[in-house]
Each structure stands twice: as structure tokens, then as C-alpha cells.
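Below is one structure; the comments refer to it alone.
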Amino acid sequence: MAFAAAKARADFPVFNRRVKGKPLVYLDSAATSQKPWSVIKALTAYYERQNANIHRGVHTLAEEGERAIEESRAKAARFVNAPKPENMVFVRNTTEAVNLVAHGWARKHLKAGDEVLVTELEHHSNLVPWQLLARDKGVRLRQIPVDDQGRIDLEAARKAVTPKTRLVAFTAMSNALGTLSPVKELVDLAHRSGALALVDGAQWVPHLKTDVQAWGCDFLAFSGHKMLAPAGVGFLYGKAELLESMDPFLGGGGMIQEVWFDRSTWNTVPHRFEAGTPSLGDYAAFGAAVDYLEACGLDALRAHEEALTGKLLGVLGAEAGVTVYGPLDPKLRGGVVSFNIEGVHPHDVGQIFDSEGVAIRVGHHCCQPLMRRLQTGGTARASVYLYNTEEDVEVFARALKKVKGFFKVGVKS
Ligand code: PMP
């Protein structure tokens, strides 16, 4: 395998611990990634050496802290190929980024009867904000269906777009199934009908090369915590003219230019959307996560994850009584594999895996409409990242057999 996952693993202190007396096999990076020493050190270094509030500080600590944070912004811009750091708004996470578009752009620019189009794959974070908008503004929320494999049907997408569509908001990669969306095609489809395109990059950005200019998307939302950075930092990328056209979402310190008793003027973009004291250390440490991922190389990372995903699919496919969701070709998906074992509740699957030191996620994965489409209440989900190895897949396979043995799956009584 070209990518040295076993070596990378040594950079992540969590792998020094044991779970239930066994070495940790972490297959839950789609929920949140583990953190390398470099990120943990950048976080503590901020509080050890620079801790000061940013903006308006003229002393050395404040200047150094602000520089570290602005470097993170610049690295985020480079990582997704945004034209400028000013295209990147600091937020806490993907959820906040989507809500910022809903409040700052959609509430200002959309009117009753306009349509927002999402897909059947969406995480609740890219669905509920649009439901709230629909409720408050009379905007119509519509959806692009997926096929039985959880793939977006482009023909159905074409049919779903109408002259009233003002925004197409979709995930680039499904957190529940791992399926990859035809991002460029959907962006073009939105633009051809005069709509904007918002890409939920929560799962894509940490794993696959992202180029917002090649996609041509208007907005991109993503979270730092899924890409080695601390929780508490994420970004909304927006085209400059769109960010300029938006109202602030939160009012307070830092986002204003001038304040009178009864009115205010707004700061420049992106600071207009960054009210209040942020998670300073998390923001500063984000840059170290980008450095780490860039040093790995996203092409090598993708090849590594594709190989591991293929192995996981192979293990699951070889077992009777196991249902795998999504396409079976690892090229069509990221490193996420959802499955169910006949007659066994996903929570029981998760607990038995945990008893073997294997962390997987179970449940509806914040995708209840998709689960209904797949006619299941929930699934077990394994997801891989740069620190996972072939040995991890072997332990996974043993845990799977343990579940089947315990519940006597496939054994006639
Ligand atoms: N969208 C997708 C596709 C996700 O996987 C997630 C996280 N599971 C989110 C949005 C929400 O991310 P966060 O909780 O970091 O806001």
C-alpha cells in the first residue's frame, strides 16, 4: 500500500490507549477524526504562548494570536482552492455554515413560492435549516430522489429543477452511505436555471481534493473536526459578491464598522459574519491540520481509503445475512460503509464491535429521510481515514463474525 498508514498512526496519541483491553481500531472518522500530535500541540501552544483576544489588540500576544488565526484562514482557502482568504468565513462547523447561508443569504433574497432543492441523501444539517426557512418564508422545499443504491439520479435532478429553483443544496459525499455526488454536474444544473449551488463538504473535504473554482459552487460548508482539526472550527466558503450581498447572521462585537445607539454599519467580509469571541485555540490549530493533510497528499490518501473500502466491502460481501448499503464499487464512494446484519439491531452490533476495541457508528446517522428511503431504521457504519490499516479490517472481520456467532445469524434453529 503506497500510503504509510501504520507510520501515520504513530502521530496520533489516541492509538496508545486500549479499549476493553484491546488495541483501538477506530472506524468512526466520518463522525469525527482523531487528532495528530501536531494539531494537539498547536492547540495547547496557542494557550501556552499567545492566549489573547483577537481584533483591536495592539499588544504582542494579540497580534501573534490573530496572525495564527488568519494563517488558518489562508490555509483553509488554499486547501479548497478559494481565490482569497476573504472567501472563507470562520464558523464552528458545517451546521453553522449552512445556517449562515439560510439566514444571511436565503432569508434576505428568497420570497414565498421560491424553491430550495436538496437531495434525499442530506444530513439533517442540510435539511432542517431549509425546513425552518420554508416555514417562515413560504419557500418551497423539494428534493432530488436517489436510486436504490443511494446514488443521485441526474435525470431526476434535471426534472426537479424548475424556473422557481433558487438554490440547490446538496452533499458532495453521503455520510450515511459514502456515495459521491456528481458535484460539478449538479452545480452546472443549478446555474443553468439561474439558481445557486451550496455544497455540503463535511465528508468530502477531509478526504478528496476540493476545488471550489473548478466546481464553480457558490457556497461550500465544512467542519474542521472531521479533518484532524479540533472541534469548534469550520468554514463557509462563499463567492465574494454573494458574501457581500449577505446580511449578518449574529450581531455583536467584531462584525460592525460603526455603532450608534439605534443602528450600525457592517464590517467588511468575512468579519461581518464573525461576531463575538471565537474558539481561539481551535481556530489557530486548524492550520496544523491542513499542513498534516497536505504532507500526506490527498491523492495518496484517496488511493489508501479506496483500497481499505474495497476490503471492507469484500469482508461484508462474503458474509451471509449481511446487507451492505450503497454501491459496491469503492470508486463510487468514499471511505464509509453502512451495513446491517439480519435480525440484529445496529446498537447490538456496535456494542459487540466495541467489546473487540472496534469503534463504529450505529443509528440513523442524522439522515432519517434517507433511512426511510432505504427501508431501515438505522445501520452500522464503518468509516476509514489515513490512520487505518489492513489489520484494522481484519479485526473488523473478526468482530463481524463474533456478532453473527453470538446472534446465530444464518444458523437454522
Ligand atoms: N453534513 C454531513 C454530510 C455530515 O456528515 C455532517 C456531520 N456528520 C454534517 C453535515 C454536520 O457536521 P457538524 O456536526 O460538524 O456541523
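Indexing begins at 1, ligand by ligand and atom by atom, following the structure's order. Excluded from the calculations below are hydrogen atoms, water molecules and symmetry mates; all remaining heavy atoms, backbone and side chain alike, are included.
- For atom 3 (C) of ligand 1, the closest non-hydrogen atom of the protein is Asp200 OD2, 3.5 Å.
- Salt-bridge formation is detected for the pair Lys404/Glu319: a Lys NZ or Arg NE/NH1/NH2 atom is positioned less than 4.0 Å from an Asp or Glu carboxylate oxygen.
- Residue His225 places a heavy atom less than 4.0 Å from ligand 1.
- Atoms of ligand 1 found under 4.0 Å from any heavy atom of Thr171, numbered from 1 in the order shown, are 3 (C).
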Would you sort out whether His365 and His124 count as a ring pair (Phe, Tyr, Trp, His ring centres under 6.0 Å), showing the intermediate values? CA-CA 9 Å; His365 314 296; His124 299 161; over 10 Å; no
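- For atom 11 (C) of ligand 1, the closest non-hydrogen atom of the protein is Ser125 OG, 3.4 Å.
- Looking at Tyr26 and Asp392, their side chains never come closer than 4.5 Å, going by heavy atoms from C-beta outward.
- Residues Glu305 and Arg302 are not paired through a salt bridge, judged by the lack of any N-O separation under 4.0 Å between the basic side chain and the carboxylate.
- Salt-bridge annotation for Arg166 and Glu115: absent, with no side-chain N of the basic residue lying under 4.0 Å from a carboxylate O of the acidic one.
- Distances from atom 12 (O) of ligand 1 to the heavy atoms of Asn175, Thr94, Val336 put Thr94 nearest.
- Nearest non-hydrogen protein atom to atom 16 (O) of ligand 1 is Thr95 OG1, 2.5 Å.
- The closest approach between a heavy atom of Lys226 and any atom of ligand 1 is below 4.0 Å.
- In this structure, Arg9 fails the cation-pi test against Tyr387, since its NZ or CZ atom is not both closer than 6.0 Å to the six-membered ring centre and inside 45 degrees of the ring normal.
- For ligand 1 and Gln203, the ligand atoms under 4.0 Å from any heavy atom of the residue are 3 (C), 4 (C), 5 (O).
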